[in-house]
Amino acid sequence: MSNTGNTESATAQITIDPAFTVGPVRRRTFGSFVEHLGRCVYTGIFEPGHPSADEDGFRTDVLELTRELGVSTIRYPGGNFVSGYRWEDGVGPVEKRPVRLDLAWHTTDPNHVGVDEFAKWTVKAGVEPMMAVNLGTRGTQEALDLLEYCNIDGGTAFSDQRRANGAETGYGIKMWCLGNEMDGPWQIGHKNALEYGRLAADTARGMRMIEPDLELVACGSSSPGMDTFGEWERVVLTETYDLVDLVSAHQYFEDFGDLQEHLSAGHKMDQFIRDTVAHIDHVKSVKKSSKQVNISFDEWNVWHGSRAESKVPSGKDWPVAPVLLEDRYTVADAVVVGDLLITLLRNTDRVHSASLAQLVNVIAPIMTEPGGRAWKQTSFHPFALTSRHAAGTVLKVALESPSLNAGKIENFDALSAVATFDAETGEAVVFAVNRSVTDALTLDAAVAGLGNVRVVEAVTYANKDPYWQATADDSTSVLPTENPSAKLDGGRLTAELPAVSWSMIRLAVDA
Ligand code: AHR
């Protein structure tokens with residue numbers, strides 16, 4: 001494929017056969033992230049006085065959209081924020097909580113929301129909490145105290161404090177992040193790999209003494225572009241391999257003006273996952289371990305980080321809940337998000353958890369107006385549809401695609417695709433992205449291995465103007481629409497995929 005705007009579309013082939021599997025569809029792939037950053041918490045999930053606020057001050061319009069988005073695990077409270085956070089500030093009577101400077105985002109946190117409010121919100125949202133501990137300015141003891149506060153039912157100082165604060169039984173939080181992005185020089189309390197690895201190991205050891213079956217996440221690399229990527233994983237995992245279950249990976253993608261390059265994001269994420277797997281398995285092999293550490297891809301998204309939206313306040317200005325990182329997403333950005341989710345699913349054998357960063361207002365699929373409306377960004381749609389319909393098992397699709405070049409990225413597939421098959425419901429679903437900015441692509445899928453199938457639904461998200469963005473006033477004029485080209489003929493499914501598009505085709509397998 002030569003990015004020439006050819007009218008005759010090229011063809012990409014996949015095979016969908018339930019005999020060839022990658023692994024289960026994991027609900028945790030559809031996680032997200034709530035950080036004390038900008039308006040994610042204050043005027044995002046929490047706004048007492050808002051017309052939709054419930055008795056706890058949570059916006060029910062945001063709760064509804066959160067449920068519709070279909071997110072599973074929510075990481076909290078940061079992010080960079082956690083590396084300077086004292087969790088004790090956020091518990092107890094609200095009027096007695098201290099107001100603190102948040103150094104990470106140069107803002108002021110009134111601490112009106114803390115661990116107890118977050119735990120309550122997760123129950124209302126129907127999501128699993130994933131807690132991060134501060135290994136920047138704090139250490140093992142404070143992490144153990146927080147674990148005791150959250151998970152011990154009662155009879156100890158911290159658990160009784162929680163009970164006195166209104167939560168009779170422990171929250172049973174299973175997933176814990178041992179710090180955040182500790183490889184990054186921007187991180188408060190940034191450490192080298194050995195310093196961090198030893199601290200993470202000590203903390204993990206102590207946490208397992210309280211609760212042996214926690215699922216612990218060691219910090220991996222903040223991006224594949226970090227000079228330390230690889231060596232960081234080697235050293236950290238050498239210290240922690242037997243004590244942790246997952247190592248994190250973070251990656252954001254920005255449109256710097258070359259849309260074709262922006263659309264190579266899924267290919268770049270695939271490479272990052274492959275490299276991280278290699279670094280994990282190197283340590284496993286050196287240690288002759290039979291244990292398998294996997295990946296928690298707990299920050300991923302499109303983030304136009306070099307734009308004005310991400311400029312943090314400075315000087316004497318320490319605002320409460322300012323507008324920060326409120327990126328507006330285009331249809332093309334949403335196609336990238338859909339592709340990244342396809343990539344995470346395709347790697348379900350090694351990516352066991354993931355978090356779209358973030359949930360509300362801050363680089364988010366859900367936006368709010370203080371006192372006003374909540375609305376969906378473009379990126380909401382591919383995420384919600386994938387979360388709703390991907391089920392059962394992820395299949396290996398043996399993809400053969402024309403390739404593309406963009407900037408320094410050579411020979412990446414024009415088609416990104418994954419298929420899932422749910423043996424219980426008899427539904428197979430294909431998720432596909434055409435990454436070309438100029439050419440339509442014909443998807444040609446061999447589906448005979450499924451038996452007799454019929455198309456239940458075929459939708460595509462694309463627009464004549466790929467830079468179209470939703471706003472509070474118009475978030476619905478560009479939505480995923482039916483793709484009438486999806487057809488079955490003699491064991492083959494074909495569909496036309498427009499340039500810069502995300503599609504979902506659902507097939508029912510007749511018994
Ligand atoms: O999600 C925004 C920020 O990106 C997080 O706080 C940090 O972990 C990452 O650098």
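Remember, it's 1-based here, ligands and their atoms both numbered in the order they're listed. Heads up: numbering here begins at 1 and tracks the sequence.
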Phe118 vs Tyr76 aromatic rings, parallel, tilted or perpendicular, using cut-offs 30° and 60°?
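Rings of Phe118 and Tyr76: parallel, under 30°.
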Pocket residues of ligand 1, ordered first by chain and then by residue number (heavy-atom cut-off under 4.0 Å)
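Phe33, Glu35, Gly79, Asn80, Trp105, Asn180, Glu181, Tyr252, Glu299, Trp303, Gln358, Ile363.
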Any salt bridge (charged side-chain N to carboxylate O under 4.0 Å, His left out) involving residues 320-336? Give me the pairs, sequence neighbours left out, ordered by first then second residue.
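Of all non-adjacent pairs touching residues 320-336, those that pass salt bridge (charged side-chain N to carboxylate O under 4.0 Å, His left out) are Arg39-Glu326.
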Could Glu148 and Arg162 be called an ion pair, given the rule that one side-chain N must be under 4.0 Å from one carboxylate O?
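Between Arg162 and Glu148 there is no salt bridge, as every charged N stays at least 4.0 Å from the carboxylate O atoms.
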Under 4.0 Å between a side-chain nitrogen and a carboxylate oxygen: does that hold for Glu215 and Arg208?
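Not counted as a salt bridge, because no side-chain N and carboxylate O are separated by less than 4.0 Å.
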Heavy-atom donor-acceptor pair, Asn347 side chain to Val351 backbone, under 3.5 Å:
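Looks like no, no N/O pair under 3.5 Å.
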Is the Tyr149-Trp87 ring centre distance short of 6.0 angstrom?
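Under 6.0 Å, so yes.
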